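Predicted, not measured: the structure shown is a model, and the values here were computed from it.
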Amino acid sequence: MERSESVDEDVQASAYLENDEIRERDDPMSDGGCTLRIGEEALVCSSEHEIDVGFCQNEQRKSEEETTGEFDEQSGIHVERKEFDAPAVGMEFESYDDAYNYYNCYATEVGFRVRVKNSWFKRRSKEKYGAVLCCSSQGFKRINDVNRVRKETRTGCPAMIRMRQVDSKRWRVVEVILDHNHLLGCKLYKSVKRTGTKRKCVSSPVSDAKTIKLYRAHVIDNGNNVNPNSTLNKKFQNSAGSPDLLSLKRGDSTAIYNYFCRMQLTNPNFFYLMDVNDEGQLRNVFWADAFSKVSCSYFGDVIFIDNSNISGKFEIPLVTLTGVNHHGQTTLLSCGLLAGETVESYHWLLKVWLGVMKCSPQTIVTDRCKPLEAAISQVFPRSHHRFSLTHIMRKIPEKLGGLHNYDGVRKAFTKAVYETLKVVEFEAAWGFMVHNFGVIDNEWLRSLYEERAKWAPVYLKDTFFAGIAAAHPGETLNPFFERYVHKQTPLKEFLDKYELALQKKHREETLGDLESLTLNTTELKTKCSFETQLSRIYTRDMFKKFQVEVEEMYSCFSTTQVHVDGPFVIFLVKERVQGESNRREIRDFEVLYNRSVGEVRCICSCLNFYGYLCRHALCVLNFNGVEEIPLRYILPRWRKDYKRLHFADNGLTGFVDGTDRVQWFDQLYKNALQVVEEGTVSLDHYKVAMQVLQQSLDKVHSVEEKQD
């Protein structure tokens, strides 16, 4: 049976399972992020070398005087005295027996025994296609076996390798845990019980020895991080600095992999994927933890893809995908390390993100980058792709700083971007700038003008940004790891800071949830009914932002009708604003109001840019005697109970996939989160929540005991 090579189907780890395959116990590919594969280039053979093992004809061990090697009676093979490489993800073997013998020889060298934990067979052909080999100390004695005389030798040791048969019919190692939780003995020679007739051991000639071909496909650092005595050294010597390879220092690949393995032990829903080329060298990396995956289900409507580390030539080629949570705070949705700014790398990253998160954003904000723009159009053709105004404004000194009339150009540019409300006004202001200051031939300004519909606020009023647009002067869109990653920060240091940054962000969100549970009436600053209404609905941080609009209603001193067309009325709201040199200026804002259905829309489009009504729209509602903001303008994503409501609307409808552990985790996590949030209301709530959680845990444990 052939496995589909479709990227859409291959992007999930569960794609390793076929409909005609049958399993014993757990699926070997269903957990762990390292098993996911994109296309045909995720983990492929890069090299090979041979391990010589001689198969002896008897179970008795030769004396050390008679042989130059050692004999392992568990596997029945004679092993030459040489150090075995530790198992690594990506190793491939010609057969299952070769893989088993290799791991058994390695175990002998290290000082532990091997047993087969799980095996998987195809339903029709009964051919073995997957297996887990583990340390003999793995697991614990069953409850019904505790009264047996035999001494308990198991310690729950986590050491194991997980492997499966791939399309080439070779056996590939897809997961490795090397650490043991017990003391390791010397090289093992104890005999084991075997069935069959014993035969006298004879010296195994070289011709009787079996050669195991080991295909090394585990990740190799691009900085020549290979054994100096290896024949591969020359092969990879010229690969450092290649534009299609991830630029890493010696040991970085190992640090990444070890970090991911550690995260999977502490974070059951942690997911990662490492993309390597035909020579086993790392190109791209993607990862996302459980919190990010849940956040994406809540706040994946608007995302910001930050590739400033790559364009800025940082030591870490980091790309982050972030969103905005219900407090208006930045929340991490996933991370990636890319080989470079190529369409292929960005397409790989976005395709993996789409497959893992199952989320198609409404709006995607990025820096101006042609390869990224092309990748977004391919992966998310229906999303609104817009350019970050923050990044454009930051590049003004770099792009225009050499002009002799730089200050004048900068002020004219800022005025055209931030102070125009209509397209006609923007076009006139831009034309004045380029002609008056003689910059009509400036290549950067010309390219900006050609793409003005993707970044100038006057063109983006129909695009929802949830606060990411930074459409007002002084607003910035900062990197998620701004305080943790600098231009020279090494990768290993970043991995340490990564968890600190996430803990800080998670703590901020948790504190925001707690502060939003109760309303302090002293925080109200006006007697406006709009303020009181949203103080009971919005999270505290979002209410504070809306509260500014309510306060600024008093700076709008005139609301008059200028045009009436049936139920549609155009109002003109005059506001005193702060202009140049801190001078107070009067600006006019047009507001369209539909009396029949209560719709209101301001020309400043604050609702789409920031997610709440502006002061001008509130003045019009107030002018027409509306005492409460219509529900259509109270966005659910800002509500203090948004997570609970979102889960109720998007939760399970009675159907549970019996094989999808990711779905189990997500649903359990969201349900438990509700208990946590409600349990923090008061001490009594806390005690009840703790009691319920403990009772639930006891019931889960009882199920496990019944199965044993």
How about [X] and [Y]: do any of their side-chain heavy atoms sit closer than 4.5 Å?
| X | Y | result |
| --- | --- | --- |
| Thr489 | Phe314 | no |
| Met393 | Phe413 | yes |
| Phe546 | Phe530 | yes |
| Leu618 | Tyr633 | no |
| Tyr498 | Tyr484 | no |
| Leu349 | Val319 | yes |
| Ser516 | His327 | yes |
| Tyr612 | Glu549 | yes |

Under the side-chain contact (heavy atoms from CB on, under 4.5 Å) rule, what do Glu531 and Lys525 come out as? Steps first, then yes or no, please. CA-CA 8 Å; Glu531 182 185 17; Lys525 298 182 178 180; 4.0 Å; yes

What are the two closest heavy atoms between [X] and [Y], and how far apart are they?
| X | Y | result |
| --- | --- | --- |
| Tyr259 | Leu495 | CE1-O, 3.9 Å |
| Pro457 | Phe609 | O-CZ, 3.5 Å |
| Leu337 | Leu318 | CD2-CA, 3.9 Å |
| Tyr418 | His472 | CE2-C, 3.6 Å |
| Ser295 | Thr331 | OG-OG1, 3.5 Å |
| Met553 | Arg615 | CG-O, 3.9 Å |

Do [X] and [Y] get their side chains close enough for a donor-acceptor pair, meaning under 3.5 Å?
| X | Y | answer |
| --- | --- | --- |
| Tyr459 | Arg452 | yes |
| Tyr686 | Gln691 | no |
| Asp306 | Ser308 | yes |
| Ser292 | Asp289 | yes |
| Glu509 | Asn325 | yes |
| Ser388 | Asp367 | no |
| Asp513 | His326 | yes |

Side chain [X], main chain [Y], donor-acceptor under 3.5 Å:
| X | Y | result |
| --- | --- | --- |
| Lys313 | Ile310 | no |
| Thr330 | Val324 | no |
| Thr526 | Cys528 | yes |
| Trp348 | Asn284 | no |
| Trp353 | Ser334 | no |
| Gln547 | Phe543 | no |
| Arg507 | Leu502 | no |
| Lys399 | Ile392 | no |
| Tyr642 | Tyr298 | yes |
| Ser345 | Thr342 | no |

Test Arg283 against Glu344 for salt bridge (charged side-chain N to carboxylate O under 4.0 Å, His left out), laying out the working first. CA-CA 10 Å; Arg283 294 187 297 197; Glu344 292 76 16; over 6 Å; no

Trace of the side chain to side chain donor-acceptor pair (under 3.5 Å) decision for Gln378 with Tyr346: CA-CA 10 Å; Gln378 295 171 10; Tyr346 285 123; over 6 Å; no

Quick one: do Glu499 and Arg262 satisfy salt bridge (charged side-chain N to carboxylate O under 4.0 Å, His left out)? Show the steps, please. CA-CA 12 Å; Glu499 292 186 72; Arg262 180 164 56 86; 3.2 Å; yes

So, taking the atom named [atom1] in [X] and the one named [atom2] in [Y], what distance separates them when rounded to the nearest 0.5 Å?
| X | Y | atom1 | atom2 | answer |
| --- | --- | --- | --- | --- |
| His391 | Phe304 | NE2 | CZ | 4.0 Å |
| Lys370 | Arg368 | NZ | CZ | 7.0 Å |
| Glu341 | Leu338 | CD | CG | 9.0 Å |
| Asp301 | Cys296 | CG | SG | 9.5 Å |
| Lys505 | Leu332 | NZ | CG | 9.5 Å |
| Lys545 | Arg540 | NZ | CZ | 13.0 Å |

Which label fits Phe270 and Phe260: parallel for a plane angle under 30°, tilted from 30 to 60°, or perpendicular past 60°?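 Tilted: the ring planes of Phe270 and Phe260 meet at 30° to 60°.
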
Between Tyr257 and Tyr272, how do the two ring planes meet: parallel, tilted or perpendicular, split at 30° and 60°?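 Tyr257 and Tyr272: perpendicular rings.
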
Inspect the surroundings of CG in Leu683 and state if more than 12 heavy atoms from other residues, nucleotides or ligands are less than 6.0 Å away.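 Enclosed: over 12 neighbouring heavy atoms sit under 6.0 Å from CG of Leu683.
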
Crowding at CZ, Arg394 (>12 non-hydrogen neighbours, <6.0 Å):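 Correct, the count exceeds 12.
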
Which is it for Leu282 and Asp275 under the side-chain contact (heavy atoms from CB on, under 4.5 Å) test, yes or no, and what are the steps along the way? CA-CA 6 Å; Leu282 196 57; Asp275 176 36; 5.8 Å; no

Looking at Lys249 and Glu315, does any basic side-chain N land under 4.0 Å from a carboxylate oxygen?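 Glu315 and Lys249: salt-bridged.
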
Check this for me, if you would: do Lys454 and Glu373 make a salt bridge, where the nitrogen-to-carboxylate-oxygen distance has to be below 4.0 angstrom?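 Answer for the salt bridge query: yes.
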
Candidate pair Leu248 and Ile256, rule side-chain contact (heavy atoms from CB on, under 4.5 Å), full reasoning: CA-CA 10 Å; Leu248 297 176; Ile256 294 173; 4.2 Å; yes

Geometric cation-pi criterion, Lys497 with Phe481: 6.0 Å, 45°: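 Lys497 over Phe481 ring: no.
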
side-chain contact (heavy atoms from CB on, under 4.5 Å) assessment of Leu350 paired with Leu354: CA-CA 6 Å; Leu350 297 178; Leu354 174 62; over 6 Å; no

Please evaluate residues Thr366 and His385 with respect to the criterion side chain to side chain donor-acceptor pair (under 3.5 Å), reporting the C-alpha separation (whole Å), side-chain torsions for both, the decisive distance (0.1 Å), and the verdict. CA-CA 8 Å; Thr366 71; His385 181 204; 2.7 Å; yes

